[in-house]
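Report on the structure given below.
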Amino acid sequence: ERKPLGSHLPLETPAFLACSALFSPKGFPMSVDMSKHFSTSALIRFTLPTIAMMIFTSCYTIVDGFFVSNYAGKTALAAVNLIFPAVMILASVGMMIGTGGSALVAKTLGEGDRPRARRHFSLLIIFAFVVGSVLSLGGWFFMEPTATMLGATPGSQMHHDAALYGRMMMISLPFFILQYAFQSFFVTAGKPKYGFLVIVAAGVANILLDFLFVGVFGWGLPGAALATNIGELIGGGIPLVYFARKRSTHLYFVRPHLRWPVIGKACANGSSEMVTNIAMSLVGILYNWQLLRFIGEDGVAAYGVIMYTVMIFSAVFMGYSVGTSPLMSFQYGAQNHTEMRSLLWKSLGIIGVASIVMFLLGQWLAAPLSAIFVSYDAALLELTVRAYKLYALCFLFMGFAMYASAFFTALNNGLVSALISFLRTLVFQVAAVIVLPMLFGIDGIWLSVTVGDGLTCLVAATFMIALSGRYGYRKGGLSPKAKAKAENGD
């Protein structure tokens with residue numbers, strides 16, 4: 001099964017079949033070749049299922065927020081917003097294994113070694129489930145102290161609700177982690193359509209059960225958590241069954257070899273994505289602290305509303321970044337520098353246009369989106385709309401910052417990728433959310449992400465230019481020094 005370097009790798013169509021006629025009057029072919037040249041339109045179509053997967057994953061929290069806010073009140077909403085960053089810190093392990101592992105597996109496929117790619121894939125999925133189970137158990141026992149540490153007063157209703165919701169999230173955490181991992185591996189396996197369908201099934205189940213448990217049965221916060229549990233079981237469980245079928249795709253489960261260097265390489269590759277998720281959660285915690293200090297409970301509720309809807313916008317950028325990463329990894333493994341450069345410049349153009357469109361949408365939709373969640377409180381609605389319009393400035397920079405990190409992950413350079421993510425969140429955004437309120441008051445809090453992402457874009461551009469000769473995506477391919485190393489096997 002070993003194939004020559006750069007051999008053709010058949011992939012399923014990236015467009016969801018029900019939408020294929022919309023994107024191409026002649027229909028989209030049933031398979032595409034990962035080694036071929038991608039036009040701009042083909043690149044967009046290839047990433048659509050991954051973008052959709054990210055959006056539907058975001059729907060879990062959004063739907064919970066809608067039903068909790070409108071049926072359980074703003075105290076329960078604030079409690080969910082308070083504890084959810086802690087849950088996402090644990091779940092970020094799935095993003096790390098998925099993005100880092102898929103880059104490693106895609107590069108191995110590009111080198112023509114499919115059996116080894118399958119062993120890597122199987123090992124990483126087992127590792128993800130084991131780690132998820134350990135984190136789930138630990139999270140259950142430490143959820144009450146976590147709620148206290150995040151700012152909830154022990155004995156208060158907010159503290160009780162936060163601990164309850166967090167503990168229920170631990171029930172399905174291993175499958176939530178698997179769901180994140182499989183989102184990337186479905187793309188690498190050439191089955192983005194099936195990954196999309198799995199997330200649709202999980203998202204629809206979550207929505208319907210939220211309506212049933214919270215809206216009809218009146219179970220409140222526990223009902224919303226239970227609906228999310230079931231959705232995550234579907235999102236992480238169905239792929240386990242799918243990839244267990246031998247030869248369902250060029251990736252399927254085989255008996256793995258326990259190789260810690262493989263796990264370490266995947267984790268190092270994907271560490272930037274984990275750092276991003278952890279750092280975003282830590283920034284969210286810091287936001288909540290600042291908002292409780294400056295405004296109180298209403299500030300936390302307003303921030304939660306913004307986060308629910310911003311998840312959709314950021315999911316588009318993240319979905320595109322994750323969706324294009326296997327293509328870049330494959331071409332890197334095949335040493336096709338011309339196509340690497342083409343993918344990079346097309347991606348920068350696509351993200352640039354999307355950034356402007358999303359910023360304009362953020363300004364236009366600030367009021368209607370906020371009203372969906374907090375229309376019952378006029379003062380809270382006014383606060384949320386103003387905050388939303390200021391926060392939406394970050395859409396101009398967010399996509400570039402996300403893509404840069406994923407780009408270096410695809411090149412198997414986890415160090416630079418992690419450094420970009422670390423600077424973006426744990427340095428620039430943290431510094432901004434601490435310093436800007438001293439200068440601009442409440443408005444400084446809402447502008448913090450924009451400042452952080454803007455500075456990250458400058459750092460990312462510097463790395464891309466400096467390392468272009470090393471990886472060969474500049475005009476002319478590899479630099480003489482990098483070419484000499486490649487010829488010597490280094």
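Every value quoted in this text rests on a predicted model; they were computed, and no experiment measured them. Positions are given from 1, in the same order as the sequence printed here.
Listed for the Ser122 side chain is a donor-acceptor partner under 3.5 Å among the backbone atoms of Val254.
Side-chain atoms of Ser370 and Thr384 form no donor-acceptor pair, as typed in the model, at a separation below 3.5 Å. For the residue pair Thr324 / Thr47, no side-chain donor-acceptor distance below 3.5 Å is found, with atom types taken as modelled. Looking only at atom types and distance, the side chain of Glu232 has no donor-acceptor partner in the side chain of Asn206 under 3.5 Å away. In the model, Thr99 has no side-chain atom that pairs as donor or acceptor with a side-chain atom of Thr409 under 3.5 Å. One side chain, Tyr388 or Thr309, offers a donor N or O that lies under 3.5 Å from an acceptor on the other.
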- Test side-chain contact (heavy atoms from CB on, under 4.5 Å) applied to Tyr287 and Gln429, step by step: CA-CA 10 Å; Tyr287 259 84; Gln429 288 186 13; 5.8 Å; no
- Query: What do the steps show when you test Phe121 against Tyr252 for ring-ring contact (aromatic ring centres under 6.0 Å, His included), and what is the final call?
  - Reply: CA-CA 8 Å; Phe121 165 67; Tyr252 49 84; 8.9 Å; no
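Considering CG of Asn288 and CE of Met307, their distance stands at 10.0 Å, rounded to 0.5 Å. Taking CG of Leu226 as the reference point, atom CE of Met168 lies at 5.0 Å (rounded to 0.5 Å). Distance CZ/Phe253 to CZ/Arg119: 15.5 Å, rounded to 0.5 Å. For the atom pair Thr146 OG1 and Ile285 CD1, the distance stands at 9.0 Å (nearest 0.5 Å). Taken from CD in Gln157 to CG in Leu221, the straight-line distance is 9.0 Å, to the nearest 0.5 Å.
Here the closest non-hydrogen pair linking Ala202 and Gly231 is CB-O, 3.2 Å.
Ring centroid separation for the pair Phe317 and Phe313 does not come in under the 6.0 Å cut-off.
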